[in-house]
S.K.: 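Just passing along the structure, written as structure tokens.
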Amino acid sequence: MRLVISAVCVIVLFSYAAAYDPLDPNGNITIKWDVVSWTPDGYVAVVTMSNFQMFRHIMNPGWTLGWTWAKKEVIWSMVGAQTTEQGDCSKFKGNVPHCCKKTPTVVDLLPGVPYNQQFSNCCKGGVVAAWGQDPSSAVSSFQVSIGLAGTSNKTVKLPKNFTLLGPGPGYTCGPAKVVPSTVFLTPDKRRKTQALMTWNVTCTYSQFLARKNPGCCVSLSSFYNETITPCPTCACGCQNKRNCVKSNSKRINMVGIHTPKKDNEPLLQCTHHMCPIRVHWHVKLNYKDYWRVKVAVTNFNYRMNYSLWTLAVQHPNLNNVTQVFSFDYKPLLPYESINDTGMFYGMKYFNDLLMEAGPTGNVQSEILLQKNQDTFTFKQGWAFPRKVYFNGEECMLPPPDSYPILPNSAPVNLLNFPAFVLTMLVMITVW
């Protein structure tokens, strides 16, 4: 019995740990239902999806939201979104509902739909920005009219078994919980109204549930060592090695080869690491009071353009970032007393789109950092990042013993070189 209890405890702890991100401890997606009016057989609700994750966004082809009705509810109509299937509505003789399925699946509308089908913060193809990158674009919402449901706070039954794809697996949603009603402010900001009833659903992300292997890797180099530390071999798994394409292959120019598949199966350039994304960190220059790093992100997937990409890095010297060239930068403070994590992302309309594999499939920038003389060193790999995330996915770093090291023959302090020369001249003269 003790063995069973211990096993259950380990499984529970592991499941929670898998969904916990130390660089974004409060990151989640909250789905809020606000009942704004009652109807003869149900209610009208505004559903708002807020992405509170600092550096993980929902990319194309967008989110998919699902749930199970507690009773025999139907969706009469929707504005700003739609269900993927109508289901069996044959028992309705007059008006036919939008969806009669017990487990509806909802997706966002595409940009450019008619105005009478639009709702605030809708119609972006399900793409939702990360909160740390652009809070104004980190929200998606739609309106839904529910029938055959309760018509009061006491008779409404909350939906169950919420699921969220963003766009693939990885999110786990908790149960719906009734919370204090949302308060709204009128456009003239002179009157407050509130929802008739509100409930929240919280969804958290686990990279372990999303994929078995990492989706990116990191390579390293420095000015003081000619050795380049590559990504680990098969860092992202080698299951795609049979279907990879060499960079000089004629297959790349075939019509339709760059079109994404429904299951988002990648078509990768043949590499030893077999990762869609490689992040390269190069220690470029060393000044008296500053040091300079070059960061390059390369896309090896011929079927994927990464829009709204983000790069999160953990390094102790990010508390003294002086200037970032050609990327936007924002410090992340998961723990207010520690400032060692930052997020890099593309400048709008300039390099916020990381193109598919090929000559233009990379973005790069340089970072100028001020030294803290008490902690700064090039020894033991201190100049390289501790953790790297691309689009919220943790990248695989090389093993520490393979990092570029300082040459053994390097002088301990180059500032003593003139004194060394003078001493040698004196010794030669005396001799």
Side-chain angles (χ1 to χ4, degrees), residues 21 23-24 54-57 59 130 132-133 207 210-211 213-223 227-237 266 268-269 271-284 291-302 304-318 321 324-332 340-347 351-369 381-400 402-404:
D21 192 333
L23 298 192
D24 191 12
M54 296 304 293
F55 48 80
R56 181 180 296 107
H57 66 278
M59 58 189 298
Q133 184 175 8
Q207 185 169 336
R211 63 176 82 226
N213 299 302
C216 54
C217 65
V218 180
S219 57
L220 309 169
S221 62
S222 65
F223 70 89
T227 303
I228 297 176
T229 302
C231 286
T233 301
C234 289
C236 299
L268 299 181
Q269 181 177 322
T271 59
H272 73 279
H273 53 75
M274 290 306 293
C275 288
I277 295 293
R278 183 192 66 196
V279 180
H280 186 74
W281 180 280
H282 175 65
V283 180
K284 186 176 182 180
W291 62 299
R292 197 178 184 104
V293 172
K294 183 175 182 179
V295 178
V297 184
T298 305
N299 183 5
F300 292 96
N301 188 354
Y302 287 103
M304 177 67 74
N305 291 331
Y306 292 90
S307 59
L308 296 175
W309 61 267
T310 60
L311 183 70
V313 178
Q314 184 182 40
H315 189 282
N317 211 165
L318 288 179
V321 173
V324 178
F325 304 87
S326 72
F327 283 174
D328 282 329
Y329 173 76
K330 179 178 292 186
L332 300 176
D340 65 349
T341 308
M343 181 178 70
F344 303 87
Y345 51 99
M347 296 179 177
N351 57 358
D352 57 340
L353 179 66
L354 175 55
M355 299 295 290
E356 63 195 17
T360 59
N362 68 90
V363 289
Q364 52 190 334
S365 178
E366 294 191 5
I367 311 163
L368 187 65
L369 305 105
W382 186 92
F384 300 109
R386 309 304 185 259
K387 284 189 176 183
V388 176
Y389 290 69
F390 179 80
N391 278 0
E393 299 282 343
E394 186 172 357
C395 304
M396 178 174 283
L397 287 158
S402 67
Y403 285 15

S.K.: Would you check if Trp281 and Val388 make a side-chain contact, meaning some heavy-atom pair closer than 4.5 Å?
M.R.: no
S.K.: Does a side-chain heavy-atom distance below 4.5 Å link Pro398 with Tyr403?
M.R.: yes
S.K.: Quick one: do Asp340 and Arg386 make a salt bridge, cutoff under 4.0 Å?
M.R.: no
S.K.: Would a distance-only check, ignoring hydrogens and angles, find a side-chain to backbone donor-acceptor pair under 3.5 Å from Thr229 to Ser402?
M.R.: yes
S.K.: For Tyr389 and Asp24, run side-chain hydrogen bond (donor to acceptor under 3.5 Å, both in side chains): C-alpha distance rounded to whole Å, both residues' side-chain angles, the deciding distance at 0.1 Å, then the answer.
M.R.: CA-CA 11 Å; Tyr389 290 69; Asp24 191 12; over 6 Å; no
S.K.: Going from CZ on Arg56 to CG on Leu23, what distance comes out if it is rounded to the nearest 0.5 angstrom?
M.R.: 10.0 Å
S.K.: Go through it in stages, so that I can follow the logic: the residues are Ser219 and His280, the test is side-chain hydrogen bond (donor to acceptor under 3.5 Å, both in side chains), and I'd like the CA-CA distance, side-chain angles, deciding distance and then a yes or no.
M.R.: CA-CA 5 Å; Ser219 57; His280 186 74; 2.6 Å; yes
S.K.: Can you name the nearest heavy-atom pair linking Asn305 to Glu356, along with the distance?
M.R.: OD1-N, 2.8 Å
S.K.: So, the side chain of His315 versus the backbone of Trp382: is there a donor-acceptor pair under 3.5 Å, distance only?
M.R.: yes
S.K.: Check whether Ser326 reaches the backbone of Gln364 with its side chain - one donor and one acceptor, N or O, closer than 3.5 Å.
M.R.: yes
S.K.: Thr310 and Phe55: which non-hydrogen atoms are nearest, and at how many Å?
M.R.: OG1-O, 2.7 Å
S.K.: Look at the side chain of Asn299 and the backbone N and O of Met355, then say whether any donor-acceptor pair between them is shorter than 3.5 Å.
M.R.: yes
S.K.: Answer yes or no: is there a donor N or O on one side and an acceptor on the other, between the side chain of Gln207 and the main chain of Glu394, under 3.5 Å?
M.R.: yes
S.K.: Is it the case that more than 12 heavy atoms not belonging to Lys387 sit under 6.0 Å from its NZ atom?
M.R.: yes
S.K.: At what distance, to the nearest 0.5 angstrom, does CE of Met396 lie from SG of Cys217?
M.R.: 9.0 Å
S.K.: What closest approach, in Å, do His273 and Pro232 show between heavy atoms, and which atom pair accounts for it?
M.R.: CB-O, 3.6 Å
S.K.: Just to verify, which of Cys236, Pro214, Cys216 counts as forming a side-chain contact (heavy atoms from CB on, under 4.5 Å) with Ile277?
M.R.: Cys216
S.K.: Taking C-beta and beyond as the side chain, do Met274 and Asn213 meet within less than 4.5 Å on heavy atoms?
M.R.: no
S.K.: Could you check, using the six-membered ring where one of them is a Trp, whether Trp291 and Phe223 have ring centers closer than 6.0 angstrom?
M.R.: no
S.K.: Once rounded to the nearest 0.5 Å, what's the spacing between atom NZ of Lys294 and atom CD1 of Ile367?
M.R.: 12.0 Å
S.K.: Classify the angle between the aromatic ring planes of Phe344 and Tyr329 as parallel (below 30°), tilted (30 to 60°) or perpendicular (above 60°).
M.R.: tilted
S.K.: Taking all non-hydrogen atoms of both residues, which atom of Pro276 and which atom of Tyr306 are closest, and how far apart?
M.R.: CB-OH, 3.7 Å
S.K.: Looking at every heavy atom in both Ala130 and His57, which two are closest together, and how far apart are they?
M.R.: N-CB, 3.4 Å
S.K.: Could you walk me through whether Glu366 and Lys284 pass the side chain to side chain contact (heavy atoms under 4.5 Å, CB included) test, one step at a time?
M.R.: CA-CA 9 Å; Glu366 294 191 5; Lys284 186 176 182 180; 2.4 Å; yes
S.K.: Any non-hydrogen side-chain atom of Leu220 less than 4.5 Å from a side-chain atom of Pro385?
M.R.: yes
S.K.: Please name the pair of heavy atoms, one in Leu318 and one in Val313, separated by the smallest distance, quoted to 0.1 Å.
M.R.: CD1-O, 3.2 Å
S.K.: Does any part of the side chain of Phe384, heavy atoms only, come nearer than 4.5 Å to the side chain of Pro404, both counted from C-beta?
M.R.: yes
S.K.: How long is the span from the CG atom in Asn391 to the OH atom in Tyr345, to the nearest 0.5 Å?
M.R.: 14.0 Å
